[in-house]
Visitor: 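Can you read through this structure? Questions will come right after.
Numbering starts at 1 and runs along the sequence shown.
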Amino acid sequence: MSKKLVLFVRKHWIFLSFLAYSAFCWSWVLEIDLARLASSSLAGKMMQITVLLVVTLMSAGIYTKSLKCLFAGIKKTKAQVVPFKLIMWWAATELFVAWVVCIIWYGVGGKFDNILPFTSLSHFAIWTPLGNLSRFVGFHGLSGVVFMLLVTSIRSDLRKFLVPAIFVVVVATLLAWGIYRIPSGPKVNVVVVSEHGQQEKLADTLKPQNGSMVVFPEYSFTGLDDEFINTKIKPQNPNETVYFVGSRFVYEPGKIKNQLVAGDTNSGYIYKIDKSRLIPGGEYLPYITVALFKIIGADGALDDFRAKRQIDKANGTPIQAPLVLGDMKVGAGICSSIIAPEDYRKQARDGANIFTNSAYLGIFNNSKVYGWQHRAMAKFMAIANARTFLQSASSGPAFGFDGNGRQLFYKEDTGITELSVSLNNRRTLYSFLGEYLGVAGLVWMLADFVRSRRNKT
């Protein structure tokens, strides 16, 4: 038995390695409060285990097949383009995996362009100086660079590329850091609210200095019309102006909306934008979850969820323009936007000079793995777009990164953090082009596949 096990491991070690890695990256699924959505704790655990098995098996299978195809054709590739092929192939593989595993998100509240990039090597790379390179190559491109360096250092037949590759990567990283390290805009005063839980809100009305922007957690403005905003925030003097951004529930006959709101203390709400990126399991149930509920006979739980928690998604998928609040052009998101880098990239491309996110994180039960990935995504979006990123949160951490990825603060208890941050109007290559290396890599993959089919015939 032990001999067969050893032979099995030797034969499938690549798949098993990816399986273990993917299981680690997705382990937070077992920590979230998915169980309370089901008719029993057993049903909830079944859902969690099913989701974990689906995404880890799919991820490991795709990575393994892609790697085998890559190495099978690498000898036929011209030597001078091998490092580029390694980068683009891996970027394309990651991009494909991040899109395909969204099967757990597909549903009435999902979007076709959702991605779940939790297995990306960029979650590690962004915490190193190499993270600056994301300004040139993007999220999956950065991961591709790491992959290329790992492969050329491990494989003896490719080691001749290692020193030139390191030289080019170091020079490109220094350029990416140097070109964008100094923000082009003025400094502004911001106040970021942190609440330990939805029941532990700030007791006093905030009175920041003139021209400040206050970032509130998700749902903070529920039940507040224009005339009652001053119960939450007001300027120190009547002739001054304070800006704000947050979200609220809006109740209409037969539907509930989660609405991004922003404005100032003189005008009230200037922006009211219905949320389009909804949270699976929190604001809608994906098809795979609905099917599982029906299989286990939990139709009552489905009806209860739809009546009490189902959020109505914004009509269509419009591109959200930056919110103009004084000198600030705010690229604002709500909760799940934290793992949607395209949303923030497009807002930077369209002129946003600062990013915010208003979140409620109670569903994640303080998962250490998700918390690390969550902050890694925020750090990526800050560095890659050279923009300050500020998150206000309830039942989770509030934090901020400047445009160079330096952490400005981190706060979990109820309170406020006031700080001066820089605006930046300069756009990076990534802000303009997005995940161009991943897309180009998919084209390269397709071309290789077509070529191999022709050779066989």
Visitor: Hey, what do you get for CH2 (W26) to OH (Y21), rounding to the nearest 0.5 Å?
Guide: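 The OH atom of Y21 is 12.0 Å from CH2 of W26, to the nearest 0.5 Å.
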Visitor: Side chains of D448 and W89: does their closest heavy-atom pair fall under 4.5 Å?
Guide: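 Yes. Closest side-chain heavy atoms under 4.5 Å.
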Visitor: On a heavy-atom basis, which atom in G246 and which in L260 lie closest, and how many Å separate them?
Guide: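 Looks like O-CD1, 3.3 Å.
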Visitor: Any side-chain heavy atom of L323 sitting closer than 4.5 Å to one from I273?
Guide: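 Yes, their side chains come closer than 4.5 Å.
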Visitor: Are side-chain N/O atoms of E342 and Y344 paired as donor and acceptor at under 3.5 Å?
Guide: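 Y344 and E342 do not have a side-chain donor-acceptor pair below 3.5 Å.
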Visitor: Go through the steps to decide whether N132 and Y180 satisfy the test side-chain contact (heavy atoms from CB on, under 4.5 Å), and finish with yes or no.
Guide: CA-CA 9 Å; N132 290 289; Y180 299 105; over 6 Å; no
Visitor: More than 12 heavy atoms of other residues, nucleotides or ligands under 6.0 Å from CZ of F449: is that the case?
Guide: no
Visitor: Regarding S431 and N385, do their side chains bring together a donor and an acceptor under 3.5 Å, going by distance alone?
Guide: yes
Visitor: Strictly below 4.0 Å, N to O, side chains only: are D413 and K411 in salt-bridge contact?
Guide: yes
Visitor: Before giving the answer on side chain to side chain donor-acceptor pair (under 3.5 Å), spell out for Y370 and S27 the whole-Å C-alpha distance, their side-chain angles and the decisive distance to 0.1 Å.
Guide: CA-CA 8 Å; Y370 179 80; S27 60; over 6 Å; no
Visitor: Looking at CE of M58 and OG of S22, how far apart are the two atoms once the value is rounded to the nearest 0.5 Å?
Guide: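 Going from CE on M58 over to OG on S22, the span is 11.0 Å.
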Visitor: Sub-3.5 Å donor-acceptor pair from the side chain of S153 to the main-chain atoms of L150, do we have one?
Guide: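 The answer is yes, because a donor-acceptor pair under 3.5 Å joins these two groups.
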Visitor: Looking at R181 and D402, is any side-chain nitrogen of the basic one under 4.0 Å from a carboxylate oxygen of the acidic one?
Guide: no
Visitor: Using only atom types and a distance under 3.5 Å, with no angle test, would you say the side chain of T152 pairs donor to acceptor with the backbone of M148?
Guide: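 Yes, the answer is positive, given that a donor and an acceptor are paired below the 3.5 Å cut-off.
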Visitor: For A125, is there any backbone N or O sitting under 3.5 Å from a side-chain donor or acceptor partner on T128?
Guide: yes
Visitor: Does either side chain, that of E435 or that of H140, offer a donor lying less than 3.5 Å from an acceptor on the other one?
Guide: no
Visitor: Could you tell me whether the side chain of V421 reaches within less than 4.5 Å of the side chain of L419, counting heavy atoms only?
Guide: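 With C-beta onward as the side chain, the pair touches.
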Visitor: Is the shortest heavy-atom distance from the side chain of P217 to the side chain of S392 under 4.5 Å?
Guide: yes
Visitor: Within a radius of less than 6.0 Å around CG of N425, do more than 12 heavy atoms belonging to other residues, nucleotides or ligands occur?
Guide: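 It does: N425 CG has more than 12 such atoms within range.
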Visitor: If you round to the nearest 0.5 Å, how far is CD of Q373 from CD1 of I126?
Guide: 14.0 Å
Visitor: Do any N or O atoms from the side chain of R135 and from the backbone of L429 form a donor-acceptor pair under 3.5 angstrom?
Guide: no
Visitor: So do H374 and Q391 actually touch side chain to side chain, heavy atoms under 4.5 Å?
Guide: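 Yes; the side chains approach each other to less than 4.5 Å.
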Visitor: If you round to the nearest 0.5 Å, how far is CZ of F161 from CD of Q80?
Guide: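 Nearest 0.5 Å value for the CD-CZ distance: 8.5 Å.
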Visitor: Among S143, S120, S66, find the one that has a side chain to side chain donor-acceptor pair (under 3.5 Å) with W90.
Guide: S143
Visitor: Do F432 and Y430 have their ring centres less than 6.0 Å from each other?
Guide: no
Visitor: Measure from the side-chain N and O atoms of T428 to the backbone N and O of A384, and report whether any donor-acceptor pair falls under 3.5 Å.
Guide: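 Confirmed, T428 side chain pairs with A384 backbone.
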Visitor: Exactly one of W127, F139, F124 should register a ring-ring contact (aromatic ring centres under 6.0 Å, His included) with F380. Which one does?
Guide: F139
Visitor: Please determine whether the number of non-hydrogen atoms from other residues, nucleotides or ligands lying under 6.0 Å from atom CH2 of W372 exceeds 12.
Guide: yes
Visitor: Do K65 and L70 have side chains that get closer than 4.5 Å, going by heavy atoms?
Guide: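 They are not in side-chain contact.
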Visitor: Do L408 and T388 have side chains that approach each other closer than 4.5 Å (heavy atoms only, starting at C-beta)?
Guide: yes
Visitor: Any side-chain to backbone donor/acceptor pair from R387 onto I354? Under 3.5 Å, distance only.
Guide: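 It does not hold such a pair.
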Visitor: Can you name the closest pair of heavy atoms from P322 and A352 and give their distance?
Guide: CG-N, 3.6 Å
Visitor: Between T222 and Y219, is there a donor-acceptor pair closer than 3.5 Å when you use the side chain of the first and the backbone of the second?
Guide: yes
Visitor: Verify whether one side chain among Y360 and S247 offers a donor that lies under 3.5 Å from an acceptor in the other.
Guide: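 There is no such pair (donor and acceptor under 3.5 Å, judged by atom type) between the side chains of Y360 and S247.
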Visitor: Assign the ring pair F71 / F147 to parallel, tilted or perpendicular, where the plane angle (0 to 90°) is split at 30° and 60°.
Guide: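 Parallel, since the angle between the ring planes stays under 30°.
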Visitor: For F409, is the CZ atom crowded, meaning more than 12 foreign heavy atoms sit under 6.0 Å from it?
Guide: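 Counting neighbours around CZ of F409, more than 12 heavy atoms of other residues, nucleotides or ligands fall under 6.0 Å, so yes.
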Visitor: Do you know which two heavy atoms are closest between R248 and V261, and how far apart they sit?
Guide: NE-CG1, 3.7 Å
Visitor: Considering non-hydrogen atoms only, spot the tightest contact between I62 and F96 and give its length.
Guide: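 For I62 and F96, the tightest heavy-atom pair comes out as CG2-CD2, 3.9 Å.
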Visitor: More than 12 foreign heavy atoms under 6.0 Å from NZ of K379: is that the case here?
Guide: yes
Visitor: Do you know the tightest heavy-atom contact between I383 and G131?
Guide: CG2-O, 3.5 Å
Visitor: Run Y410 and R375 through side-chain contact (heavy atoms from CB on, under 4.5 Å) and show every step you take.
Guide: CA-CA 10 Å; Y410 181 92; R375 293 193 301 279; 3.6 Å; yes
Visitor: Is the backbone of L142 close enough, under 3.5 Å, to the side chain of S134 for a donor and an acceptor to pair up by distance?
Guide: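 Such a contact is absent between S134 side chain and L142 backbone.
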Visitor: Using 30° and 60° as the class limits, which term best fits the ring planes of F355 and F389: parallel, tilted or perpendicular?
Guide: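 Perpendicular, since the angle between the ring planes exceeds 60°.
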Visitor: Which heavy atom of R427 sits nearest a heavy atom of R349, and at what distance?
Guide: NE-O, 2.7 Å
Visitor: Apply side chain to side chain donor-acceptor pair (under 3.5 Å) to N365 and E31, showing your working.
Guide: CA-CA 7 Å; N365 285 333; E31 301 178 77; over 6 Å; no
Visitor: Is a donor on one side and an acceptor on the other found under 3.5 Å between the side chain of H123 and the backbone of P117?
Guide: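 Yes.
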Visitor: Side chain of E218, backbone of A393: donor and acceptor closer than 3.5 Å?
Guide: no
Visitor: Going through the distances and angles, do L442 and M88 end up as a side-chain contact (heavy atoms from CB on, under 4.5 Å)?
Guide: CA-CA 8 Å; L442 288 172; M88 295 167 67; over 6 Å; no
Visitor: So, taking the atom named CG in L16 and the one named NZ in K11, what distance separates them when rounded to the nearest 0.5 Å?
Guide: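 One gets 12.0 Å once the value is rounded to the nearest 0.5 Å.
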Visitor: Test V215 against S358 for side-chain contact (heavy atoms from CB on, under 4.5 Å), laying out the working first.
Guide: CA-CA 7 Å; V215 188; S358 299; 4.2 Å; yes
Visitor: Below 4.5 Å, heavy atoms only, C-beta onward: do D274 and N258 meet side chain to side chain?
Guide: no
Visitor: CG of L67 to OG1 of T93: how many Å apart, nearest 0.5 Å?
Guide: 8.0 Å
Visitor: Please lay out, stage by stage, how F118 and W28 fare under the test ring pair (Phe, Tyr, Trp, His ring centres under 6.0 Å).
Guide: CA-CA 10 Å; F118 290 109; W28 56 267; 5.1 Å; yes
